[in-house]
Amino acid sequence: MAVTLTTPNTLLGAFQPKGNVAKLATNAAIVLIGTMLITAAAKITVPVMPVPFTMQSFAIAALAAAFGMRIGVATVAAYLIEGAMSLPVFATGGGMAYLVGPTGGFLIGFLAQAAIIGYAADRGASGRPLALFGAMLVATAVLYAFGFAWLVMMAGQAAWVDQTNVVASAFAKAVQPFLVWDTLKMALAALTVTGMWSFFGAKR
């Protein structure tokens, strides 16, 4: 049975070796390297409160676009597992308490973000900047939905959320400050991947 974890429409799929064993080994290595890249991006931090501005979402968007849905989601899942095992892969540490804390919804939401972007990439968006950027914006909106809903439910554990007006306070502090930044990050991620596709894809 052939191993099909990505498609020829993605950068990873375009350059995967032939043979099931080689593909599995390559995919395993790619997932590991991907978690390292997400970790490095998470450490690039602008310390605004309560949620630090990092390059995490940029890395996840770019990797999902380059890898496709299956490998993209697997990479994020592996990253979250590393964090749950107390490896310091998140912006300010690791551990289950961090993962299930007030901002844990954004971390879980990265899975949905990777799935949506990877799905679009599998269907050819890697070569179309506007289509890929649009998919990234949709994915980011879903990420916000996960993070915001989780934060509202966990607001009692967050001292920085105004308990007299949880919804407005959570939105003002954990979503609104990042709208412009995340839009710019998604534009950069889309241009990066489509640029690489234009350069490398033509040389397949």
Side-chain angles (χ1 to χ4, degrees), residues 10-12 30-31 33-84 87-94 98-99 101-121 125-126 129-151 170-196:
T10 66
L11 286 168
L12 176 59
I30 286 291
V31 167
I33 293 169
T35 64
M36 294 178 182
L37 291 175
I38 296 171
T39 299
K43 303 303 181 183
I44 302 173
T45 306
V46 177
V48 295
M49 291 298 291
V51 181
F53 164 52
T54 74
M55 292 300 288
Q56 212 169 8
S57 59
F58 164 82
I60 290 169
L63 291 174
F67 297 169
M69 184 175 71
R70 293 180 181 87
I71 301 299
V73 170
T75 302
V76 175
Y79 169 73
L80 296 179
I81 291 169
E82 290 172 354
L87 296 178
V89 297
F90 300 143
T92 57
Y98 193 119
L99 187 59
T103 59
F106 290 99
L107 293 171
I108 301 301
F110 284 142
L111 288 168
Q113 183 188 35
I116 293 168
I117 296 170
Y119 181 88
S126 293
L130 290 179
L132 187 59
F133 178 54
M136 288 180 174
L137 290 182
V138 170
T140 300
V142 173
L143 168 66
Y144 283 154
F146 271 86
F148 179 69
W150 184 290
L151 178 57
F171 182 84
K173 293 184 177 181
V175 175
Q176 186 175 350
F178 306 99
L179 293 173
V180 173
W181 290 113
D182 282 336
T183 299
L184 292 175
K185 284 189 285 184
M186 294 306 102
L188 178 59
L191 290 173
T192 299
V193 174
T194 55
M196 292 177 67

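All values below come from the heavy atoms of this structure, side chains included, with hydrogens, waters and symmetry mates left out. Predicted model, so just to flag it, every value in this text is computed and none were measured. Starting from 1, each residue takes its place in the sequence as its number.
Separation of atoms CH2 (W150) and CG (L107) is listed at 9.0 Å; rounding is to 0.5 Å. Atom CD1 of I44 is separated from atom OG1 of T39 by 11.5 Å, given to the nearest 0.5 angstrom. We find the CD1-CG distance between I81 and L87 to be 11.0 Å, quoted to the nearest 0.5 Å. Note that CG of L12 and CG of L63 are 10.5 Å apart. Values are rounded to the nearest 0.5 Å. Rounded to the nearest 0.5 angstrom, L143 CG and L137 CG are separated by 12.0 Å. One finds the CD1 atom of I38 at 12.5 Å from the CD1 atom of I33 (value rounded to the nearest 0.5 Å).
You'll find the side chain of Y144 reaches within 4.5 Å of the side chain of F106, heavy atoms only. Contact of the L111 side chain with the L80 side chain is registered, since non-hydrogen atoms from C-beta on lie closer than 4.5 Å. In this structure the side chain of Q113 never reaches within 4.5 angstrom of the side chain of V142, judged on heavy atoms.
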I71 and V31: CA distance, side-chain angles, deciding distance, side chain to side chain contact (heavy atoms under 4.5 Å, CB included) verdict = CA-CA 7 Å; I71 301 299; V31 167; 4.0 Å; yes

List the steps and the verdict of side chain to side chain contact (heavy atoms under 4.5 Å, CB included) for Q56 and K43.
-> CA-CA 8 Å; Q56 212 169 8; K43 303 303 181 183; over 6 Å; no

Test M186 against S57 for side chain to side chain contact (heavy atoms under 4.5 Å, CB included), laying out the working first.
-> CA-CA 8 Å; M186 294 306 102; S57 59; 4.0 Å; yes

Residue pair L151, F171: steps toward the side chain to side chain contact (heavy atoms under 4.5 Å, CB included) verdict | CA-CA 9 Å; L151 178 57; F171 182 84; over 6 Å; no

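The two residues A65 and S126 make their nearest non-hydrogen contact at O-OG, 3.2 Å. Considering every non-hydrogen atom in both L99 and A84, the closest pair reads CD2-CB, 3.9 Å. The shortest non-hydrogen separation linking P129 to A190 is O-CB, 4.2 Å. Counting all heavy atoms, side chain and backbone alike, I117 lies closest to A139 at CG1-CB, 3.6 Å. What you find for A78 and T35 is that their closest heavy atoms are CB-CG2, 3.7 Å. Minimum heavy-atom separation, T10 to A66: CB-O, 3.3 Å.
More than 12 heavy atoms of other residues, nucleotides or ligands shown are found within 6.0 angstrom of CZ on F148.
In summary, the aromatic rings of F90 and Y79 are positioned with their centroids under 6.0 Å apart.
Counting only residues at least two apart or on different chains, the salt bridge (Lys or Arg N to Asp or Glu O under 4.0 Å) pairs with a member in residues 177-196 are D182-K185.
Between the side chains of T103 and Y98, no donor-acceptor pair of N or O atoms lies under 3.5 Å.
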